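For reference, the structure is listed below as structure tokens.
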Amino acid sequence: MNFQFIKKMYYGDIPDEPGNGAAYQTKPDTAAWPLWEVFIRSKRGLDHKHAGSLKAADATMAIENARDVYTRRQEGVSIWVVESKYIHASNPDEAESFFDPAEDKVYRHPSFYELPDEVKHM
Amino acid sequence: MTTIHPLEINFQDKIDQEAKIEPKDWMPDAYRKTNLRQISQHAHSEVVGMLPEGNWITRAPSLKRKAILIAKVQDEAGHGLYLYCAAETLGQSREQMIDDLHSGKAKYSSIFNYPTLTWADMGAIGWLVDGAAILNQVMLCRTSYGPYARAMVRICKEESFHQRQGFETLLVLSKGTEEQKAMCQDAINRWWWPSLMMFGPKDSESTNSDQSMKWKIKRKSNDELRQNFVDMIAEQIKLLGMTLPDSHLKWNEQRGSYDFGEINWDEFWNVVKGNGPCNKERIDARRKAHEEGAWVREAALAYADKKNKIKTVSAA
Ligand SMILES: [Fe+2]
Ligand SMILES: [Fe+2]
């Protein structure tokens, strides 16, 4: 066997090498749709929660596609979509210092206060 | 002495503590590449996997079976989407991934390069192929890359009906006429070995230390998963009154597992390398769908642009 070049392959992890279609010329797609983030309210009274993302030409299509992809089993009663480029995020590299101010304020938690047992339900 | 970069130590620490790695975290290049390759191949597998079953949608034996099959195939399209999105968070565009599939550079699971010859194949695929995929995907729900793990959780929720409907399809056939029983057995005979191959080469083929395990991308070895699968199927087939096409299949009291025969690895590598019964057909179908859908993508974007312009003009 001369398949030594393959060291190890997992399910869903097959080495890339030109297959029998290597000569195929892919046609560049001139119309790349933007990416949208999808938020779904699973039932009345709950917040919208991030469900995933998808591509769509516009907001109407994004909402319809989100319905077809993320609520096929009645997982939602309301959908929000927002184009991914409008999402701003905190910087993970600075997460430690950024969230540091909350670290030493244990008195913000009820368990910080020791009260006599007689004070029931507080 | 080779020095390990503090970032890399920090990264491995996170993994050892079972913290997930998120897209904007620092990660070693090889971790990014391995994940990108694995997730995009997984995405391609979901998408190409729609073809063998799509073949039977118009020929399903009843309206009920047709509705079920459409629902399953539609789920697989969703799985492809979740996974493409997860792969994109690693910095490769969807267009590039799809180009790589169509040019033959990127791979997908070889199981989908086998033909679906009878209705019973729809049952065998659900039971065996989805069954094998589920074992792998349940493990991947705990993979270390956050977006991949989340996609897997969503996928696993949808998968269980796939296997159940497949088994039920075979169950009905197994109680049918002599022809139906024969059809059921024939489908099992044809899908059994390719399903075992889905787990990949034997662990002993591995020569290098296993980085994917260390990075917790994967948590069980190919052989371990394959054995889980054999043990599960060897019991379930009794309920069908059918047999698996393996004369070496035998309960091993000592191991508490089934022993089974040797896989035909030549066939396996042949299909991986592009020479399976349907490799060409599958890729041709994907290219055709993509090319013939191009005008729809362009038109939708042009329409969105036009609507936007009207909105801006009337707002001014
Ligand atoms: Fe799937
Ligand atoms: Fe499935």
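On a predicted model such as this, the values are computed, not experimentally measured, just so you know.
For B/K157, no part sits under 4.5 Å from any heavy atom of chain A, backbone or side chain. Interface remark: A/A51 contributes backbone atoms only to the contact with chain B (heavy atom separation under 4.5 Å). With a 4.5 Å cut-off on non-hydrogen atoms, B/R150 does not touch chain A at all.
The number of heavy-atom neighbours closer than 6.0 Å to NZ of A/K105, taken from other residues, nucleotides and ligands shown, is above 12. Heavy atoms from other residues, nucleotides or ligands lying under 6.0 Å from OH of A/Y86 number 12 at most.
Of all non-hydrogen atoms in B/R297 and A/W33, the two that sit nearest each other are O-NE1, 3.0 Å. Closest non-hydrogen pair, A/A57 versus B/A300, comes out as CB-O, 3.5 Å.
The distance from the NZ atom of B/K24 to the CG atom of A/N91 is 8.5 Å, given to the nearest 0.5 Å. Within the model, atoms CG of A/D93 and CG of B/D25 stand 8.0 Å from one another, a figure rounded to the nearest 0.5 Å. Atom CG in B/L301 sits 9.0 Å away from atom CG in A/D58 (nearest 0.5 Å).
For B/D75, the salt bridge (Lys or Arg N to Asp or Glu O under 4.0 Å) partners at least two apart in sequence or on another chain are A/R72, A/R73.
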Can you list, pair by pair, the side-chain donor-acceptor contacts under 3.5 Å of residues 81-89 of chain B, counting residues two or more places apart and other chains?
unit_1	atom_1	unit_2	atom_2	d
B/Y82	OH	A/V69	O	3.3
B/Y82	OH	B/E158	OE2	3.1
B/Y84	OH	B/H44	ND1	2.7
B/E88	OE1	B/R94	NE	3.3
B/E88	OE1	B/R94	NH2	3.1
B/E88	OE2	A/K55	NZ	3.1
B/E88	OE2	B/R94	N	3.3
B/T89	OG1	B/A86	O	2.5
B/T89	OG1	B/Y145	OH	2.7

